Amino acid sequence: MTCDQIGSIVILTGAGISKESGLSTFRDTDGIWAKVRIEDVATPEAFEKDPERVQEFYNARRRGFLSESVQPNAAHQALADLERRWSKDLLVVTQNIDDLHERAGTRSLVHMHGELLKVRCARTGQVYPWRRDVTPEDACECCGSTGTLRPNVVWFGEIPFDLDRIYAALQCCSRFIAIGTSGQVHPAAGFVAEARRGGRARTVLLNAEATDTSPLFDEQVLGPASRIVPEYVEKLLAENRD
C-alpha cells in the first residue's frame, strides 16, 4: 500500500461481527472470559502447565467453528463485496480466529490473532491447516514429534501477527473503520489513534454499543453488524460513485 493512494481503507473487525453467525464474544457479560479464566487457557504459561486442558478448550471452539450452523453473515458478505467493488487499496484486519471472512470471499486479510483452523509446531514454527481435535498422540507433519502442536493463535503475552503490515496500512489509509470490537484489547485498541495521527484518516465505528474509544471516532453507527455494515458499505460505495 502506498501512502499517496487516496481512498485506501483499513477495516478492523472483532468478535461482534461473528456473534450473529453463532460464535461467542469474549468480553460480554455472558462471553467466553466470563466462563473460563484467561490465565488457564490463553497464555503460554497455561499451555506449558496443562497442555491437555488448553487443547480441549480450543478443540471445543474449533468444533464450534466447523458446525454447519456457523456461516458468514451479511456483515462478512458486505465487506467481501466492498473489497470486490472498491477501486483503491483495502485491508481487513481481524482479531477473530475464525474463517468467516475467507468464506465470505475477503482476500486482502490479516489475522492478527491467528487462525484456529491451523496448528503450529512449537519446535519448528511450521504452520499448516487442521480441522479436527488435537490430541497428545498427534505427530507434527514437519518434524514427526508428538506433543509439539499448538493452536495457531496469539495468546496473551505474545505479539500479534503482521504488525508491520498493519501499521504501514494505518499510516497510509484515508479511512479507518472498526466493526464489532470492544476497544479494550491492545494493540488493536490503539489503531484508531494511529489512523487519526496528523489528521490523516476519517475514522468510523460500527458497533453494537459505544466503547471507551468512541470519542476518537469521527462517525459512530450503533446496531447489529448484520444490518449496519451492509448499510454503511452501500453508503460508502454510493459516495465513491458521486
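Bear in mind the structure is a predicted one, so any value in this text is a computation, not a measurement.
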Do you know the tightest heavy-atom contact between [X] and [Y]?
X    : Y    : result
R150 : V153 : NH2-O, 2.6 Å
S108 : E83  : N-OE2, 2.6 Å
R227 : G223 : NH2-CA, 3.8 Å
E39  : A46  : O-CB, 3.3 Å
C142 : T124 : SG-OG1, 3.0 Å
G114 : V154 : N-CG2, 4.3 Å

Indicate whether any N or O donor in one side chain lies under 3.5 Å from an N or O acceptor in the other, for [X] and [Y].
X    : Y    : answer
S226 : E20  : yes
H101 : T13  : yes
R103 : Q71  : yes
Q95  : T181 : yes
S174 : R202 : no

Any side-chain heavy atom of [X] within less than 4.5 Å of one from [Y]?
X    : Y    : result
L91  : V93  : yes
T211 : S182 : no
P136 : T146 : no
L90  : L82  : yes
I166 : V110 : yes
L117 : P129 : no
L216 : T203 : no
D133 : R63  : yes

Candidate pair R132 and N59, rule side-chain contact (heavy atoms from CB on, under 4.5 Å), full reasoning: CA-CA 7 Å; R132 63 184 191 276; N59 286 341; over 6 Å; no
Electrostatic pair K235:E219 at N-O distance under 4.0 angstrom: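 Salt bridge present between K235 and E219.
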Take V119 and V127, measure what side-chain contact (heavy atoms from CB on, under 4.5 Å) needs, and give me the verdict at the end. CA-CA 6 Å; V119 292; V127 175; over 6 Å; no
Taking the six-membered ring of W130, is NZ or CZ of R120 closer than 6.0 Å to its centre and within 45° of its axis?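 No, R120 and W130 do not form such a contact.
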Both conditions, 6.0 Å and 45 degrees, for the charged tip of R84 above the ring of W86: are they met here?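 Checked: cation-pi criterion not met.
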What distance separates [X] [atom1] from [Y] [atom2], expressed to the nearest 0.5 Å?
X    : Y    : atom1 : atom2 : result
L149 : C121 : CG    : SG    : 6.5 Å
E56  : D50  : CD    : CG    : 11.0 Å
H113 : F161 : NE2   : CZ    : 9.5 Å
S21  : D98  : OG    : CG    : 7.5 Å
S18  : N73  : OG    : CG    : 7.0 Å
T148 : R123 : OG1   : CZ    : 6.0 Å

Verdict with reasoning, L100 to E102, per side-chain contact (heavy atoms from CB on, under 4.5 Å): CA-CA 5 Å; L100 294 173; E102 289 95 330; over 6 Å; no
Chi angles and distances behind the side-chain contact (heavy atoms from CB on, under 4.5 Å) call for R131, K118: CA-CA 7 Å; R131 299 178 69 85; K118 295 180 180 179; over 6 Å; no
When the ring planes of F217 and F176 are compared, do they come out parallel, tilted or perpendicular, using 30° and 60° as the limits? parallel
Report the relative orientation of the aromatic rings in F191 and Y167; use parallel for angles under 30°, tilted for 30 to 60°, perpendicular for over 60°.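 F191 and Y167: perpendicular rings.
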Does T94 offer a backbone N or O that forms a donor-acceptor pair with the side chain of H111 under 3.5 Å? no
Using a 6.0 Å cut-off, check whether atom CD of E158 has over 12 heavy atoms from anything other than its own residue.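 More than 12 within 6.0 Å, yes.
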Hydrophobic clustering (ILVMFWY, side-chain heavy atoms < 4.5 Å, transitive) - are [Y] and [X] grouped together?
X    : Y    : answer
F47  : V134 : no
V204 : L79  : yes
I228 : L237 : yes

Please say which of R196, R200, R175 ends up in a salt bridge (charged side-chain N to carboxylate O under 4.0 Å, His left out) with D218.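 The single option meeting the salt bridge (charged side-chain N to carboxylate O under 4.0 Å, His left out) with D218 is R196.
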